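Being a predicted model, the structure only gives us computed values, none of them experimental. Index from 1, following the sequence.
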Amino acid sequence: MQNISPGSISIEPITLNFAASEEIGIAVLRLDKIHPVISGNKWFKLQFYLKDAIEQGKKTILTFGGAWSNHIIATAAACQLNGLSSIGIIRGEEAPELSPTLKQAKELGTQLYFTSREEYVQKKIPGEIDARHCYIINEGGFGELGAKGAATIAHDFIKEEYTHICCAVGTGTMIAGLINATSPSQQVFGISVMKNNLSLEDAVRSLLTDKTRSFELFHEYHFGGYAKHKPGLLDFMNEFYRQTAIPSDFVYTGKLFYAIKDLIKKNSFPAGSKLLLIHSGGLQGNASVSNRTLIF
């Protein structure tokens with residue numbers, strides 16, 4: 001299997017003009033640097049699925065996602081890299097104009113099939129697809145192999161000096177892997193990017209090797225729901241970039257960085273804490289924002 005070198009990934013200490021932040025160390029794990037398309041945490045979540053598919057002799061990967069899915073485009077690129085075909089089952093009716101995400105996935109060779117939201121929830125595969133010849137990966141890479149891949153992030157990059165590991169959470173796959181691979185003395189905080197995702201804790205816990213391990217999820221930083229945003233979030237993303245030169249996206253990392261700012265102001269972290277924020281990529285999602293709204 002063709003792997004991606006993690007050599008470009010770095011940990012960048014940052015200084016922020018937040019209340020009490022002088023008492024708290026903050027660094028960002030720049031997973032977004034790993035690959036221009038298979039960005040952030042996506043390669044880590046996909047790697048063991050692809051290895052398993054190749055070992056089983058499967059030539060086609062089938063997976064699920066929305067019109068702006070980082071997972072869909074990353075899967076398309078990873079499959080092309082490894083000589084595999086890919087199929088994307090896309091939530092909702094096909095729009096007159098494909099999103100930039102789906103356009104690029106199609107250019108990378110993915111066959112796109114659009115399905116109703118009801119059938120998508122049921123993960124119903126269109127009848128014209130012979131699923132017997134496909135290797136199926138859940139939305140966002142959710143599953144034990146996805147969590148196993150995400151655990152390598154902690155094994156390779158996260159040292160015990162960090163007291164708090166913080167990440168944005170969609171399906172819960174990455175945070176489960178991080179919880180599995182970090183020390184019990186480290187606290188793992190997750191910022192849910194979806195509205196009213198009440199089943200998220202159960203989804204995360206289903207992937208834990210130690211079901212009793214504690215972690216914390218915050219649900220109040222969704223800015224209207226998945227892939228939604230408000231002017232205040234975009235303004236914050238611009239200010240964060242001015243202070244750190246680190247770009248973020250409004251679906252995941254912008255909400256993460258904003259939440260950490262707010263939690264610091266609320267004294268949620270003891271003085272002397274060392275925070276590691278996981279930049280999980282996804283910058284392609286910003287393509288839907290009007291030109292000149294973001295400064296990066």
Side-chain angles (χ1 to χ4, degrees), residues 6 8-34 39-41 44 150-170 174-179 181-193 214-223 229 232-283 285-286 294-296:
S8 58
I9 293 173
S10 61
I11 294 178
E12 300 180 9
I14 59 175
T15 301
L16 300 172
N17 299 327
F18 300 159
S21 63
E22 67 275 4
E23 301 177 1
I24 296 173
I26 310 173
V28 178
L29 176 58
R30 297 291 305 275
L31 297 182
D32 57 305
K33 290 183 173 183
I34 190 173
S39 176
N41 61 0
F44 296 94
T152 64
I153 297 170
H155 291 314
D156 293 346
F157 301 106
I158 299 180
K159 299 177 181 178
E160 288 203 28
E161 67 185 78
Y162 297 105
T163 59
H164 296 77
I165 315 302
C166 309
C167 66
V169 183
M174 179 174 69
I175 192 173
L178 296 176
I179 295 166
T182 50
S183 167
S185 65
Q186 295 174 301
Q187 294 183 265
V188 182
F189 280 14
I191 308 302
S192 175
V193 301
S214 64
F215 59 94
E216 193 159 356
L217 295 174
F218 296 86
H219 293 274
E220 59 268 39
Y221 299 103
H222 54 75
F223 284 88
H229 59 82
L233 176 61
L234 301 182
D235 291 343
F236 167 79
M237 289 163 59
N238 282 333
E239 182 57 31
F240 187 85
Y241 183 77
R242 290 188 188 99
Q243 292 187 38
T244 67
I246 297 175
S248 57
D249 76 294
F250 68 82
V251 181
Y252 290 100
T253 53
K255 294 176 181 179
L256 166 67
F257 298 147
Y258 182 97
I260 296 306
K261 165 194 170 182
D262 193 55
L263 291 171
I264 289 174
K265 287 185 174 180
K266 292 177 177 177
N267 297 315
S268 298
F269 304 101
S273 295
K274 286 191 172 184
L275 315 185
L276 183 65
L277 317 185
I278 311 297
H279 195 312
S280 52
L283 298 175
N286 289 335
L294 296 173
I295 63 175
F296 47 87

Please determine whether side chain to side chain contact (heavy atoms under 4.5 Å, CB included) holds for the pair Met174 and Ile153, giving the CA-CA distance in whole Å, both sets of side-chain angles, and the decisive distance to 0.1 Å. CA-CA 9 Å; Met174 179 174 69; Ile153 297 170; 4.1 Å; yes

Val169 and Leu256: CA distance, side-chain angles, deciding distance, side chain to side chain contact (heavy atoms under 4.5 Å, CB included) verdict: CA-CA 9 Å; Val169 183; Leu256 166 67; over 6 Å; no

Run Ile246 and Arg30 through side chain to side chain contact (heavy atoms under 4.5 Å, CB included) and show every step you take. CA-CA 9 Å; Ile246 297 175; Arg30 297 291 305 275; 3.6 Å; yes

Between Val193 and Tyr221, is a side chain to side chain contact (heavy atoms under 4.5 Å, CB included) present by the stated rule, with each step listed? CA-CA 7 Å; Val193 301; Tyr221 299 103; over 6 Å; no

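Between the CD atom of Gln186 and the CD atom of Glu160 there is a distance of 5.5 Å, given to the nearest 0.5 Å. For the atom pair CG of Leu283 and CG of Asp249, the computed distance is 6.0 Å after rounding to the nearest 0.5 Å. In this structure, the separation between NE2 on His229 and NE2 on His222 is 15.0 Å, given to the nearest 0.5 Å. Once rounded to the nearest 0.5 Å, the distance linking CD1 of Ile264 with CZ of Phe269 reads 6.0 Å. Interatomic distance, Ile26 CD1 to Glu12 CD, rounded to the nearest 0.5 Å: 13.5 Å.
Counting heavy atoms from C-beta outward, Leu16 and Phe257 have side chains that stay 4.5 Å or more apart. Looking only at side-chain heavy atoms (C-beta outward), Asn286 and Phe296 come within less than 4.5 Å of each other. For the pair Leu217/Ile175, a side-chain contact is recorded, criterion being any heavy-atom separation below 4.5 Å from C-beta on. Leu178 has its side chain within reach of Cys167: a pair of non-hydrogen atoms, C-beta onward, lies under 4.5 Å apart.
Between the Gln187 side chain and the Phe215 main chain, no donor and acceptor come within less than 3.5 Å of each other. Not a single donor-acceptor pair under 3.5 Å links the side chain of Thr253 to the backbone N or O of Ser248.
Closest approach of Ile11 and Phe157 over heavy atoms only: CD1-O, 3.4 Å. In terms of heavy atoms, Ala151 sits closest to Ala181 at O-CB, 3.5 Å. The two residues Lys33 and Ser8 come nearest to each other via the heavy atoms O-OG, 2.7 Å. Between Gly40 and Ile34, the shortest heavy-atom distance links the atoms N-CG2, 3.7 Å. What you find for Lys255 and Val251 is that their closest heavy atoms are CD-O, 3.6 Å.
Judged by distance alone, the side chains of Asp156 and Thr152 never bring a donor and an acceptor atom under 3.5 Å apart.
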Per-pair distances, 0.1 Å, donor-acceptor, side chain in residues 234-241, under 3.5 Å, sequence neighbours excluded:
{"unit_1": "Asn238", "atom_1": "OD1", "unit_2": "Ile295", "atom_2": "N", "d": "2.9"}
{"unit_1": "Asn238", "atom_1": "ND2", "unit_2": "Thr293", "atom_2": "O", "d": "3.0"}
{"unit_1": "Glu239", "atom_1": "OE1", "unit_2": "Arg242", "atom_2": "NH1", "d": "3.3"}
{"unit_1": "Glu239", "atom_1": "OE2", "unit_2": "Gln243", "atom_2": "NE2", "d": "3.1"}

Below 3.5 Å, can you tabulate the donor-acceptor pairs from side chains in residues 272-282 to any protein atom, sequence neighbours excluded?
{"unit_1": "Ser273", "atom_1": "OG", "unit_2": "Pro270", "atom_2": "O", "d": "2.6"}
{"unit_1": "His279", "atom_1": "ND1", "unit_2": "Gly281", "atom_2": "N", "d": "3.2"}
{"unit_1": "His279", "atom_1": "NE2", "unit_2": "Pro247", "atom_2": "O", "d": "2.7"}

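A distance of 6.0 Å or more separates the ring centres of Phe223 and Phe250.
Atom CZ of Phe189 has more than 12 neighbouring heavy atoms from other residues, nucleotides or ligands inside a 6.0 Å radius.
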